[in-house]
Every structure is written in structure tokens, then in C-alpha cells.
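Just so you know, ligand 1 is whichever comes first in the structure, and atom 1 is the first atom listed for that ligand.
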Amino acid sequence: MKILAIETSCDETAVCVVRASGSFGRDFRFDVLGNALYSQAAVHAPYGGVFPNLAKREHARNLVPLMREALRQADMLTEPDLPETDALEEIKNILAREPELFESIAAFVVEHGKAPIDAIAVTAGPGLEPALWVGINFAKALSRLWNVPIVAVNHMEGHILLSLLTHSNIPTNIGMFDARAKFPMIALLISGGHTELVLSECFRSYRLIGETRDDAAGEAFDKVARLLDLPYPGGPEISRLAAQARAENLPAVLEFTRPMLRDESYDFSFSGLKTAVRKLVEQHAPLSDDFKKQIAREFEQTVSDVLVGKTLRAADEFNAQTIVVGGGVSANAHIRAELSRALEARGSPAKLLIPPPELATDNAIMIALAGYFSAQNGAFIDHAALKAYGGLKLEKTA
Ligand code: KG4
Ligand code: ZN
């Protein structure tokens with residue numbers, strides 16, 4: 001099956017084309033034929049976070065050029081076969097709120113005909129609704145244009161499933177499920193918008209066992225970075241300063257409480273930590289470079305201790321064979337190292353699977369992967385039923 005996938009839930013605009021066959025544990029094969037991604041981070045940097053309407057505008061502007069690039073790589077740019085005027089009229093209605101996107105599709109249609117794909121996979125949530133809608137309306141337009149069915153994908157499932165693949169030969173053939181991917185499984189999903197612990201007892205079945213009650217882990221990194229006058233996205237910046245503090249052996253002059261670590265639930269809370277940093281910054285302004293590094297190190301350690309502590313407790317309780325970590329914050333080298341060290345120290349049988357940083361952040365490959373299994377099950381969605389759900393939860397998927 002050949003699938004074109006679209007991801008626009010946050011500030012990455014991404015389109016890919018994959019060819020997939022087989023099922024989990026049975027002859028699965030997955031080839032990325034074309035993959036194009038545009039990160040809007042620089043566009044949002046002046047705002048210190050993702051600005052939904054700006055994200056929407058950027059998605060609308062970039063989707064067709066990215067699709068063209070993904071199809072070009074896949075050698076799927078065909079000769080034009082002009083659509084009936086009806087189709088273009090309907091597409092104009094579908095894209096009534098994205099006139100710029102309609103114009104670029106209309107221009108594409110003059111140059112190229114239907115791409116030889118069997119299904120379109122698109123992120124339906126969770127994420128920023130104005131951003132999600134652009135991808136969804138784009139999917140509907142292509143579906144009408146090419147007469148191809150759509151599957152709706154939960155973005156968080158995409159992060160989980162992509163973490164389960166072996167990641168050799170990135171990005172063309174990321175091939176197969178890792179032999180260590182076994183159930184029950186605990187997934188720690190940490191990004192700018194989410195902090196969730198998910199229990200998966202069998203393939204594609206999910207139960208949310210904990211989530212953040214306020215800020216997401218990545219959001220906390222971004223907000224603390226802003227307090228320290230560091231650019232957006234803040235995660236890599238904080239991580240860099242923290243690594244300097246460790247390399248220079250700066251004395252430990254700070255200690256933050258580990259929020260919710262002793263709490264019985266698997267929930268998280270990071271807004272108090274941000275407030276603690278704000279108070280410190282106010283008390284000690286202007287901050288010396290060393291003090292910034294010390295704050296960054298203690299902040300990163302605190303977040304890490306909480307994430308690692310809760311994840312290992314969940315792994316023990318649910319007898320996890322595998323722990324997967326996904327989302328942008330999983331690119332954090334310190335958190336990765338702490339998690340694997342803690343697992344080893346505990347003699348835990350659970351195997352840790354974390355995708356390489358370039359696949360940990362948002363992309364369309366993960367949407368194609370989850371979408372493939374839905375398409376294989378025939379779980380196509382009517383245009384009328386396909387909507388953006390900003391707060392979409394993970395549960396058993398179709
Ligand atoms: O998954 P992602 O690309 O987008 C969504 O939020 O869905 O995650 C982006 C988040 C940002 O908050 C960014 O600061 C954080 O991931 N991040 C990191 C690191 N790299 C990215 N946080 C901590 N350490 C990093 N190395
Ligand atoms: Zn994400």
C-alpha cells in the first residue's frame with residue numbers, strides 16, 4: 001500500500017510518501033519513498049512559543065511545495081490530467097478558509113495529475129486546532145481531487161509506533177519493528193504540547209495512565225529558557241547550558257523540589273517549577289552566566305528525575321517489557337542517559353526504545369505508519385466526520 005501522509009498539528013509542516021506491507025510481527029516492511037519537512041521554529045521564535053494563527057498560515061503556504069518535493073523524491077509526479085471543473089469548485093469550498101492553499105493546489109493541478117497512492121493519512125489531533133484544520137482540509141481536497149480515501153491519525157500513536165521501529169538507514173528504509181518491542185509496554189510521550197504516560201497491553205491498544213496537570217515538559221523547557229533570555233525552542237538551549245555546568249563542575253547551589261514525584265498518581269506538574277525559576281531570576285537579576293548554567297542543570301535534572309521516576313514506577317507496576325519514549329523532549333541527551341542508567345541500576349527487564357532525535361520530533365513518517373495500520377483495517381473516514389480534535393485522547397485505535 002502506498003500512503004501520502006500529512007502532519008500539521010503544531011509548528012512542523014510535513015508530508016511524506018511511504019510504501020508499506022505486512023503486519024506487526026509478520027513480514028512488516030516500510031519504505032519511506034519521499035519525505036519533506038519544514039520546521040517553523042524560526043518563525044515562532046520571536047514569540048517564545050508557537051503562535052497558532054501564524055502556524056496555520058505557514059502550513060497553508062508550505063503544504064503544496066512540501067507535497068511536490070515528497071512526490072518528486074518518490075518519483076510520483078505525473079503528467080497533468082485536468083480534473084473536471086466540478087472537482088475544483090468543490091475543492092474551493094473545502095478550502096474556503098485557506099484561499100492561498102486552494103491557489104497552490106490549482107496551480108499544482110495544471111502541472112501534475114493524480115499521484116499513484118492508495119490512501120491519505122492525516123493527523124486529526126491532538127494539537128493546535130487551527131493548525132490541524134489546515135492539514136485536514138488539505139487531505140480532504142486531495143481526496144476529492146484524486147478519489148483516494150482518508151484515514152485519521154492520532155498524533156500520539158504516531159510517536160509511539162515510530163519508536164518501535166528499528167531505525168537503520170534513516171530516512172529511506174526505516175524498515176521493521178524492533179524485536180525488543182514487546183507488550184505490555186509503557187510509553188512516555190514528552191513534547192511541547194504533551195506529557196503523557198500511556199500503557200499499551202497489546203499492539204495498538206492504549207490506556208492513558210498519567211498526564212500533566214498544567215504545563216507540558218517541553219513547554220516548561222521553553223518557558224524557563226525564556227526566563228533565562230534564551231531563544232525558542234528552549235529545550236536544546238537549556239540542555240546545552242546544563243551540559244556546560246556539568247562539564248565545568250560548577251558547584252550545586254540550588255535544589256528544586258521534584259514536583260509530584262511522591263504523588264501516587266502518574267500525573268505530572270511543571271508549572272510550579274517554572275515559578276520557582278522565575279522567583280530565582282527576580283531575586284538574582286542580573287544573572288551571571290554561571291548562575292544561568294546552574295539553573296539550567298538543576299532544572300533539567302529535576303524534570304529528568306520526575307520523568308524517570310514515574311516511568312520506572314509505571315513499568316514496574318504494569319510489568320512492562322518495553323519502554324518507549326517519544327516527542328521532542330526525548331531528544332534530550334541527559335534524560336535519555338538518566339533513563340537508561342536508572343533502568344540498568346534497577347535491573348529492570350524492560351527494554352528502552354527511543355528513536356533518534358531526527359525521528360523523535362514531529363514528522364509525517366509517524367503519521368504514515370499509524371495510518372497504514374488503520375488503512376489496512378479499512379478504517380477510512382468520511383469527509384463529513386473528519387474533524388480536528390485539539391484534545392484527542394489515545395485509546396484503542398481502529
Ligand atoms: O514533539 P515536538 O517536536 O513538537 C510538539 O510539541 O509536538 O516537541 C517540541 C518540544 C519543544 O518544547 C522543545 O523545546 C523540546 O521539544 N525539545 C527539547 C529538546 N529538543 C527539543 N527539550 C529538551 N531537550 C532537548 N534537547
Ligand atoms: Zn509531537
How wide is the angle at the Zn ion (ligand 2) spanned by His155 NE2 and His159 NE2, rounded to 10 degrees?
90°

Hydrogens and angles aside, do Ser304 and His334 bring a side-chain donor and acceptor to less than 3.5 Å of each other?
no

In ligand 1, which numbered atoms sit nearer than 4.0 Å to a non-hydrogen atom of Gly193?
6 (O)

Please determine if Gly327 has a nitrogen or oxygen closer than 3.5 Å to a nitrogen or oxygen of ligand 1.
no

Relative to the heavy atoms of Thr361, which atoms of ligand 1 are at a distance of less than 4.0 Å?
3 (O)

Nearest protein heavy atom with distance in Å, relative to atom 15 (C) of ligand 1:
Val329 CG2, 3.9 Å

Taking non-hydrogen atoms only, is Asp362 closer than 4.0 angstrom to ligand 1 via side chain, backbone, both or neither?
both

Can you classify the ring geometry of Phe28 versus Phe177 as parallel (below 30°), tilted (30 to 60°) or perpendicular (above 60°)?
tilted

Contacts of Tyr232 that satisfy ring-ring contact (aromatic ring centres under 6.0 Å, His included) - sequence neighbours left out:
none

Once you measure the plane-to-plane angle for Phe183 and Phe24, does it fall in the parallel (<30°), tilted (30-60°) or perpendicular (>60°) bin?
perpendicular

No-hydrogen, no-angle side-chain donor-acceptor test under 3.5 Å, Glu157 and Tyr206:
yes

Please give the atom name: the N, O or S atom of Asp362 nearest to the Zn ion (ligand 2).
OD1

Considering only non-hydrogen protein atoms, determine which one is nearest to atom 12 (O) of ligand 1 and report residue, atom name and distance to 0.1 Å.
Asp222 OD2, 2.7 Å

Looking at Arg240, I want to see if its CZ is surrounded by more than 12 non-hydrogen atoms of other residues, nucleotides or ligands under 6.0 Å.
yes

Verdict with reasoning, Lys2 to Asp118, per salt bridge (charged side-chain N to carboxylate O under 4.0 Å, His left out):
CA-CA 5 Å; Lys2 296 197 192 84; Asp118 305 298; 5.6 Å; no

Tell me the protein heavy atom at minimum distance from atom 18 (C) of ligand 1, and give that distance in Å.
Gly235 CA, 3.5 Å

Any Glu12 heavy atom less than 4.0 Å to ligand 1
yes

Of Glu300, Glu248, Glu237, Glu298, which is the lone residue that meets salt bridge (charged side-chain N to carboxylate O under 4.0 Å, His left out) with Lys293?
Glu248

Distance to 0.1 Å, residue and atom name: give those for the protein heavy atom nearest to atom 24 (N) of ligand 1.
Asn332 ND2, 3.0 Å

Give the atom numbers and elements of ligand 1 that come within less than 4.0 Å of a heavy atom of Gly218.
12 (O)

For the residue pair Asp362 and His155, confirm or rule out a side-chain donor-acceptor distance under 3.5 Å.
yes

Pick from Ala242, Gly328, Ala220, Ala333: the one approaching atom 21 (C) of ligand 1 most closely through a non-hydrogen atom
Gly328

Tell me which protein heavy atom sits closest to atom 6 (O) of ligand 1, plus the residue, atom name and distance to 0.1 Å.
Gly192 N, 2.7 Å

